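Each remark here refers to the structure printed beneath this line.
Start at 1 with the first residue, then count along the sequence. In this text, all values refer to a predicted model and were calculated from it rather than measured experimentally.
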Amino acid sequence: MTSFSLGDDHFLRAGRPHQVISGAIHYFRVHPDQWQDRIRKARLMGLNTIETYVAWNAHEPRRGDWDATGWNDLGGFLDLVHAEGLDAIVRPGPYICAEWHNGGLPVWLTADGTALRSSDPAYLADVSAYLRRVYEIVAPRQIDRGGPVVLVQIENEYGAYGSDKEYLRALVEVTRDAGITVPLTTVDQPTAQMLEDGSLPGLHKTASFGSRSVERLATLRRHQPTGPLMCSEFWDGWFDWWGGVHHVTSTEAAASDLDALLAAGASVNIYMFHGGTNFGLTNGANDKGRYLPLVTSYDYDAPLDEAGQPTAKFFAFRDVIAKHAPVPDELPAPRREAPTFSVDLDPAGSWTDAPASAVRTDAPASFEELSHLSALVRYDVDLPEGRGGVLRLDDVRDLAWVSIDGVPVGTLARTRHDRTIAIPDGRVLSILVEDQGRVNYDHRLGERKGLIGAVTLEGAPLVGWASTPLDVAQIAAHLPLTTSTAGPSAWTAAFDLDEPTDLFIDTAAWSKGYAFLNGFFLGRYWRNGPQRTLYAPSPATRSGENRLVVLELEQLLSPTADFLPGLSLGVTEE
């Protein structure tokens, strides 16, 4: 079997110096039927390795419900990497960031007040059980057992979060005890404090950056005196958030920095090679003083775009790699435009007016208290003496639509730091709250969702709340609903296709909500932008009739669904 180890200056593959030229593909962001296509295109760009995170909350959304099949078939993904003749790097976290909801940590883990990313015994017990399950998949696929896996990462940019060395040692112990024999790495941004706090002796330090390669490699070398230099997150683009712009980076500058890395003899993992999509409700969020939920697309301005098509960076990076390593002569097939057409949307009634929960509590129940993993909870309370006034909420997480007796009053947004709203007289106050995405970075990991803290009307606490969870996927699967036209409205359309194909649904005439195609949860849309199209991967389509479901939270500008020839991800700063 082939060996893989750390040399004085290089990685050693079968005893020979080896430069890792890797690219990131997150299996959980790509339809499984398209994994092979994306992996093959990585080889055609000249990559010799594929890197992936492992998303714990994708595999175990509820405690004990472990799933490693279908979208979660990590073993199948690694086998496809191996079949393409490529190596693999696995980064199981348990924290991954990745602009993925809750940084990859399950809500059931973070909801109970456990000290996250620490040597807290309760946390370590859950983490160890998770890692053992992952390593049951990874261990037999290591390179010294005939598989593709050459490196496994411990934690993820831990130096930006903490410095609990006992925690890191515990992760190493469970990793080695589970049969992982390949070199273990850590990654941190190239500052002295982060590189020191985020690693241990015996773990190979790597860095994450997207520019000034020579300078940052020099910083890494000061903290990693021997062994191969590696940028294990070479940021070639960036992510987008609602209300922002579509982020792009200079192809020429990125190619130049990649060239400098490879010319210095360093190994690299390009983050991302192919970003993919935050299908369903999987987008994360950032909050550094202002809450910014991330969009559905994870295009990342990468060498392969959201739909898996080569971009200018693909060809520029390929030319750079060809200066340092063999590159196949073959190129990916030319891009094909998707079908363009329009269909009318038919109303299917209101969809957020389910009967209120029979359970009443003094305070609104959080999503966590309800064990609710979908996007919405409706909170209903009787107004004392039918009087309105100034409604004050301690914290809204994350966006709330306020109505009195079914009549809309206004919205409260966490992004705007809203806390108060004047409401008229009436019988029942209803507040529909959306979890717009769980923070994936820093110390807001694991925060609760819903109406958090006190809710007062004219300074007096409101009590007797009914908290009703609404599962948007279940609602979409059980249309038609009612004939009511009040409040958020559901819409459907049917259309025929000659064969399965990628589709790009224009959401510019819709306001805010969720879309499903043939039962496949495409994700969130919002006219707030920048993203304008929802990507429907070809495996979610079919020959013959296809059915689109739209759950609109506000108001359609036009009851139509338009299909565009390609992606439309919004305006840029360039």
Side-chain angles (χ1 to χ4, degrees), residues 101-103 105-116 241-243 281 283-294 352 356-357 359-381 383-384 388-404 408-423 428-470 512 524 526 528 553:
H101 66 121
N102 223 27
L105 299 176
V107 174
W108 58 259
L109 175 80
T110 61
D112 62 5
T114 299
L116 303 178
W241 51 85
W242 295 114
L281 304 170
N283 64 283
N286 281 307
D287 191 335
K288 299 178 181 179
R290 185 167 186 249
Y291 173 78
L292 297 172
L294 305 181
T352 60
S357 170
V359 177
R360 295 273 171 166
T361 54
D362 286 348
S366 68
F367 282 53
E368 291 71 24
E369 289 168 326
L370 297 167
S371 297
H372 185 53
L373 298 181
S374 193
L376 296 168
V377 171
R378 195 186 72 237
Y379 298 98
D380 301 304
V381 68
L383 293 178
V390 176
L391 181 72
R392 180 177 180 84
L393 303 97
D394 277 357
D395 205 352
V396 177
R397 296 182 188 163
D398 301 305
L399 180 59
W401 291 263
V402 181
S403 61
I404 299 294
V409 174
T411 60
L412 295 163
R414 176 179 179 180
T415 297
R416 300 192 301 255
H417 303 287
D418 291 338
R419 292 290 186 274
T420 62
I421 187 171
I423 61 173
V428 178
L429 164 67
S430 294
I431 306 177
L432 181 67
V433 176
E434 181 188 29
D435 164 8
Q436 292 191 284
R438 292 181 177 272
V439 172
N440 54 259
Y441 187 76
D442 207 10
H443 291 271
R444 287 187 176 270
L445 285 172
E447 64 183 7
R448 292 180 297 157
K449 292 290 188 175
L451 298 181
I452 308 302
V455 182
T456 61
L457 181 63
E458 291 294 313
L462 282 176
V463 297
W465 291 87
S467 304
T468 308
L470 301 174
K512 190 180 196 315
R524 309 175 195 254
W526 197 2
N528 197 22
L553 283 161

* Euclidean distance, E434 CD relative to W526 CH2, rounded to 0.5 Å -> 7.5 Å

* To do: Could you name each residue pair satisfying salt bridge (charged side-chain N to carboxylate O under 4.0 Å, His left out) that touches residues 444-466, not counting sequence neighbours?
  => D287-R444, D398-K449, R414-E447, D435-K449, R444-E447

* **Side chain to side chain, D418 and V396, heavy atoms closer than 4.5 Å** => no

* To do: Decide side-chain contact (heavy atoms from CB on, under 4.5 Å) for K512 and W242; before the verdict, give the C-alpha distance in whole Å, the side-chain angles of both, and the deciding distance to 0.1 Å.
  => CA-CA 11 Å; K512 190 180 196 315; W242 295 114; over 6 Å; no

* Asked: Do R290 and W241 come within less than 4.5 Å of each other through their side chains, counting heavy atoms only?
  -> no

* For the student: nearest non-hydrogen atoms of A375 and H372, plus distance -> N-NE2, 4.3 Å

* Between the side chains of S366 and R397, does any donor sit under 3.5 Å from an acceptor? -> no

* Asked: Can any side-chain N or O of R438 pair as donor or acceptor with the backbone N or O of H101 at less than 3.5 Å?
  -> no

* To do: Locate the shortest heavy-atom distance separating S467 from S357; write the atom from each residue and the value.
  => O-CB, 3.5 Å

* Close side-chain approach of L429 to W465, heavy-atom, < 4.5 Å -> yes

* Asked: Which value, rounded to the nearest 0.5 Å, describes the distance between L373 atom CG and W108 atom CH2?
  -> 12.0 Å

* **From CA spacing to verdict: side-chain contact (heavy atoms from CB on, under 4.5 Å), I423, L457** => CA-CA 9 Å; I423 61 173; L457 181 63; 3.8 Å; yes

* L462 vs L391 side-chain heavy atoms within contact, under 4.5 Å -> yes

* **Within residues 429-454 or reaching into it, pairs that qualify as ring-ring contact (aromatic ring centres under 6.0 Å, His included) - sequence neighbours excluded** => Y161-H443

* Indicate the atoms forming the closest heavy-atom contact of L445 with L116, along with that distance. => O-CD1, 3.8 Å

* Structure fact -> When rounded to the nearest 0.5 Å, the distance separating OG1 of T420 from CG of L393 is 9.0 Å

* To do: Give a yes or no answer on whether the side chain of R378 reaches the backbone of L470 with a donor-acceptor pair at less than 3.5 Å.
  => no

* **Close side-chain approach of S371 to V107, heavy-atom, < 4.5 Å** => no

* Heavy-atom side-chain contact between N440 and L294 under 4.5 Å -> yes

* Structure fact -> Nearest heavy-atom contact between T415 and P293 is OG1-CD, 4.0 Å

* Asked: Side-chain contact, heavy-atom cut-off 4.5 Å: N102 with L109?
  -> no

* Would you give the length of the straight line joining atom CZ of F367 to atom CG of L376, rounded to the nearest 0.5 angstrom? => 6.5 Å

* Structure fact -> CG (L370) and OG1 (T468) are apart, to the nearest 0.5 Å, by 8.5 Å

* Work out which heavy atom in I421 is nearest to a heavy atom in T411; give both atom names and the distance. => CD1-N, 4.2 Å

* To do: List the atom of A356, the atom of D380, and the distance in Å for their closest heavy-atom pair.
  => CB-OD2, 3.6 Å

* Asked: Does any non-hydrogen side-chain atom of Y379 lie less than 4.5 Å from one of V455?
  -> no

* Asked: Could you go step by step and tell me if R419 and L412 meet the side-chain contact (heavy atoms from CB on, under 4.5 Å) rule?
  -> CA-CA 7 Å; R419 292 290 186 274; L412 295 163; over 6 Å; no

